[in-house]
Engineer: 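Take this structure first; my questions come after.
The first residue of the sequence shown is numbered 1, and numbering continues consecutively from there. Ligands are counted one by one from 1 in listed order, and the atoms in each one are counted from 1 as well.
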Amino acid sequence: MSYADPRDANYIASANQPHASALASDYTALGIQLERRGIKIDDITRAVANFKVAIPSWGVGTGGTRFGRFPGKGEPRNVFEKLEDCAVIHRLTGATPTVSLHLPWDRTDDYKGLREHGAALGLGFDAMNSNTFQDQLGQPLSYKYGSLTHTDPAVRAQAVAHNIDCIKAGAILGSRALTVWIGDGANFPGQSHLGRAFERYLESTASIYKALPEDWRLFLEHKMYEPSFYATVIQDWGSSLMAAQTLGPKAFCLVDLGHHAPNVNIEMIVARLVHAQRLGGFHFNDSKYGDDDLDAGSIEPFRLFLVFNELVEAELAKAPNFRPAHMLDQSHNVTDPVESLMTSAIELQRAYAQALIVERPKLHEYRIGNDVLMAAQTLKRGFTTDVSPILAQARVSKGAAIDPVGAYRASGYRAKCGDMRPSKQSLGGGIV
Ligand code: RM4
Ligand code: MN
Ligand code: MN
């Protein structure tokens, strides 16, 4: 099979060529439609082109469940190769200029070299993620019964030290945030003292907080269950907010869309965290039942739109301290991870564009006048409008692809990786 570098500007331009005239006419038609609503299409396109989301380094490899993992061809074998794939995603979508690393999965002896490798590929580094939910080979103390909230102060100290290492590595890379998610909790009633475990969490995170450089933020990520099935220490946004408020102004809450009970009103959580000035950012993904880590917008696109609707409201209101970090956090078990990540980044842009084209003045009038049906219809009209031409035009404005998946497939990149990166056989399960 022939190979072309999907990161090459000339390749992308030639891949765009056959789609250009259809896009031009679709864009014009949509522009006319939006003009009738008093919306200038180019303003929306510009805003979409400015939208950015970080790629999780762990997302470019094939994920797995505890039942197994079915690796695809040519997976990246180390963090340097992961960045290569991230660069493909960014060049083809124009939406993913940063990567979020996970330590120790992405540990290297050469963070400076990694930063340079990223820069050469046009990539920077977003939030660092620590990992105290697994034991590593040669690790002195086990996290089997917890990490930052362990009853043994020596285990807590080890977990704190790991988080501080993540900050140090991130500082070399140019990152400005640390995301802390722990699996700590209990599987049985009686196993742990619910109140004391939370107090230990506050004490440990306070030590991490102290080690933050001036311009860094600490993101606290809550999760309802798994691996602790009875009681997770930071199980919900209430615990997360309490912790952030206790720690200080650099601590914020991170909302992973999959970390809530089914049917929970996540957009309302977002609105509350905006109000509290503690919305740090997101891990975007989608789910049907739990922490499924499916592609963003693949199951409940309307819910994603409603989340973005709150973000647009906050943006328009110039909400104080509102600077949410956008990250994907997905596990790709049955698709090519590069394709899933490109598609997901675009789905976020779609939800953003749909929220931007909502006729806000009208919506406001209907709300004030208690015209419930028209308020609902006005909001939904943004969602039901096909904004695809805006998204494609935004990509074109950044030298990216009109049809990223098509261009990627035609390039033969995956097959080339298959030749260049002979995989190590692994038949075990895996988290991601
Ligand atoms: C967790 C959580 C964290 C992620 C790990 C891999 O469920 O979402 O953000 O780092 O998975
Ligand atoms: Mn997450
Ligand atoms: Mn998760």
Engineer: Regarding Arg176 and Asp126, does a basic nitrogen lie under 4.0 Å from an acidic carboxylate oxygen?
Structural biologist: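 Salt bridge absent between Arg176 and Asp126.
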Engineer: Please work out which of Gln330, His222, Glu221 has its closest non-hydrogen atom nearest to atom 2 (C) of ligand 1.
Structural biologist: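 Answer by nearest heavy atom: Glu221.
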Engineer: Below 30° counts as parallel, above 60° as perpendicular, anything between as tilted: where do the rings of Phe133 and Trp105 land?
Structural biologist: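 Phe133 vs Trp105 ring planes: perpendicular.
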Engineer: Please state whether the rings of His222 and His260 are parallel, tilted or perpendicular, taking 30° and 60° as the class boundaries.
Structural biologist: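 The arrangement is perpendicular - the two ring planes meet at more than 60°.
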Engineer: Which atoms of ligand 1 have any heavy atom of Lys223 under 4.0 Å away?
Structural biologist: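 Under 4.0 Å from Lys223, ligand 1 has these atoms: 7 (O).
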Engineer: May I ask you to check if ligand 1 and His102 share an N or O to N or O distance below 3.5 Å?
Structural biologist: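 Indeed, backbone or side chain, His102 has an N or O that close.
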Engineer: Under 6.0 Å between ring centres, would you say that holds for Phe305 and Phe302?
Structural biologist: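 Phe305 vs Phe302: aromatic centres under 6.0 Å.
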Engineer: Does any N, O or S atom in Asp256 come within less than 2.8 Å of the Mn ion (ligand 3)?
Structural biologist: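 Not a single backbone or side-chain N, O or S atom of Asp256 is under 2.8 Å from the Mn ion (ligand 3).
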Engineer: Would you tell me whether Ser239 and Asp236 have side-chain atoms, one donor and one acceptor, within less than 3.5 Å of each other?
Structural biologist: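 There is such a pair (donor and acceptor under 3.5 Å, judged by atom type) between the side chains of Ser239 and Asp236.
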Engineer: For ligand 1, which is the ligand I care about here, please tell me if Trp58 has any N or O atom under 3.5 Å from one of the ligand's N or O atoms.
Structural biologist: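 For ligand 1, there is no N or O atom that lies under 3.5 Å from one belonging to Trp58.
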Engineer: Applying a strict 4.0 Å limit to heavy atoms, is Glu226 in contact with ligand 1?
Structural biologist: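 False for this residue.
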Engineer: What do we get for Asn131 next to ligand 1 when only non-hydrogen atoms under 4.0 Å count, side chain, backbone, both or neither?
Structural biologist: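 For Asn131, no heavy atom sits under 4.0 Å from ligand 1.
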Engineer: Closest N/O/S atom of Asp329 to the Mn ion (ligand 2), by atom name?
Structural biologist: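 Answer by atom name: OD2.
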Engineer: Less than 4.0 Å is my threshold; does some heavy atom of Asp329 fall inside it relative to ligand 1?
Structural biologist: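 Asp329: in contact with ligand 1 (<4.0 Å).
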Engineer: For ligand 1, is there an N or O atom under 3.5 Å from any N or O atom of Asp291?
Structural biologist: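 Indeed, backbone or side chain, Asp291 has an N or O that close.
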Engineer: If you consider just the N/O/S atoms, which atom of Glu221 is the closest one to the Mn ion (ligand 2)?
Structural biologist: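 Of all N, O or S atoms belonging to Glu221, OE2 is the one nearest the Mn ion (ligand 2).
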Engineer: Looking at Arg381 and Glu359, does any basic side-chain N land under 4.0 Å from a carboxylate oxygen?
Structural biologist: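 Yes, Arg381 and Glu359 are salt-bridged.
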Engineer: Can you list the ligand 1 atoms lying under 4.0 Å from a non-hydrogen atom of His283?
Structural biologist: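 Selected atoms, number and element: 9 (O).
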Engineer: Under a 4.0 angstrom heavy-atom cut-off, which atoms of ligand 1 come close to His259?
Structural biologist: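 Numbered from 1, ligand 1 contributes 2 (C), 7 (O), 8 (O).
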Engineer: Parallel under 30°, tilted from 30 to 60°, perpendicular over 60°: which one fits the rings of Phe198 and Tyr201?
Structural biologist: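 Answer is parallel, since the angle falls under 30°.
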Engineer: Let me check your reading of the structure: within less than 2.8 Å of the Mn ion (ligand 2), is there an N/O/S atom from His283?
Structural biologist: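 Yes, within the cut-off.
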Engineer: May I ask you to check whether His102 and Trp58 place their ring centres under 6.0 Å from each other?
Structural biologist: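 Judged by ring-centre distance (under 6.0 Å), Trp58 and His102 do meet the cut-off.
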Engineer: Restricting to N, O or S atoms, which atom of His259 is closest to the Mn ion (ligand 3)?
Structural biologist: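 When I compare the N, O and S atoms of His259, NE2 is nearest to the Mn ion (ligand 3).
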Engineer: Taking the side chain as everything from C-beta on, heavy atoms only, tell me whether Arg414 gets closer than 4.5 Å to Asp336.
Structural biologist: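 The answer is yes; the side chains approach within 4.5 Å.
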Engineer: Verify whether one side chain among Ser388 and Arg350 offers a donor that lies under 3.5 Å from an acceptor in the other.
Structural biologist: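 Yes, Arg350 and Ser388 have a side-chain donor paired with an acceptor closer than 3.5 Å.
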Engineer: Just jot down the ligand 1 atoms closer than 4.0 angstrom to any heavy atom of Asp256, in number order.
Structural biologist: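 Near Asp256, the atoms of ligand 1 are 8 (O).
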